[in-house]
Amino acid sequence: MRYFMSILPPADLKPEDVPAGLMEAMGPWMEKSLASGALVSTGGLHPASSGRRLQGGSGAVVVTDGPFAEAKEVIGGYAVLEAPDMDAAARIAGEFLQLHIDNSMPDVVLELREIAGGVNI
């Protein structure tokens, strides 16, 4: 089964504030997780201020450039995990979170949800 992990760093975190030790620790973890098949895809996101929001509530597509209203939680990145069940996916996510804790970023929050349907290659 596939799981989508949202990575929610502190809202005021700037890319230059990410500890070098975390970036160094991520490389081997990603290589190991990709090789085992547990990690399918991952990536960071540019700030919400550089994005666009599309809404259709008016009956037409309305596009709004960022920045958007302040939010307590902003998705900073994502990962798609492959695991036999939610408990196994949570263990993988826990390893990822522990990398952050061990590298002075304990305030990161992860949200893990099973992917329902869609196209999964």
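Here the structure is a predicted model, which means the values were calculated and not measured. Just the heavy atoms: all of them, side chains too, but no hydrogens, waters or symmetry mates, feed the values below. By convention here, the first residue in the shown sequence is residue 1.
Cluster annotation: Ile101 is not connected to Val109 through the hydrophobic network of ILVMFWY side chains, with a link wherever side-chain heavy atoms come within less than 4.5 Å. Cluster annotation: Val74 is not connected to Leu13 through the hydrophobic network of ILVMFWY side chains, with a link wherever side-chain heavy atoms come within less than 4.5 Å. Taking hydrophobic clusters as Ile, Leu, Val, Met, Phe, Trp and Tyr residues chained together by side-chain heavy-atom distances below 4.5 Å, Phe96 does not share a cluster with Val40. One hydrophobic cluster, built from ILVMFWY side chains closer than 4.5 Å, holds both Leu22 and Leu34. Linking Ile, Leu, Val, Met, Phe, Trp and Tyr residues whenever their side-chain heavy atoms come within less than 4.5 Å leaves Leu45 and Met26 in two separate clusters.
Taken from OG in Ser41 to CG in Leu81, the straight-line distance is 10.0 Å, to the nearest 0.5 Å. Atom CD of Glu95 sits about 13.0 Å away from atom NE2 of His100, to the nearest 0.5 Å. Atoms CG and CG, on Leu8 and Asp107 in that order, are 12.0 Å from each other to the nearest 0.5 Å.
Across every non-hydrogen atom of Met105 and Pro19, the tightest pair is SD-CD, 3.4 Å. In this structure, Leu39 and Ala79 approach most closely via the heavy-atom pair CD1-CB, 4.0 Å. Minimum heavy-atom separation, Ile7 to Tyr78: CD1-N, 3.7 Å. Across Met1 and Glu114, no two heavy atoms sit closer than the pair SD-OE2, 3.2 Å. For Ala25 against Pro28, the heavy-atom pair with the smallest separation is O-CD, 3.4 Å. Leu110 and Ala93 make their closest contact through CD1-O, 3.4 Å (heavy atoms, listed as atom of the first residue, atom of the second, distance).
Between the side chain of Ser33 and the main chain of Trp29, a donor-acceptor pair closer than 3.5 Å is present. Judged by distance alone, the side chain of Glu111 and the main-chain N or O of Met5 form no donor-acceptor pair under 3.5 Å. A donor-acceptor distance shorter than 3.5 angstrom exists from the side chain of Asn103 to the backbone of Leu99, with no hydrogens or angles considered. Listed for the Tyr3 side chain is no donor-acceptor partner under 3.5 Å among the backbone atoms of Ala83.
With sequence neighbours left out, Asp102 forms a side-chain hydrogen bond (donor to acceptor under 3.5 Å, both in side chains) with Gln98.
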- Task: Before giving the answer on side-chain contact (heavy atoms from CB on, under 4.5 Å), spell out for Thr42 and Met30 the whole-Å C-alpha distance, their side-chain angles and the decisive distance to 0.1 Å.
- Result: CA-CA 9 Å; Thr42 187; Met30 285 188 198; 4.0 Å; yes

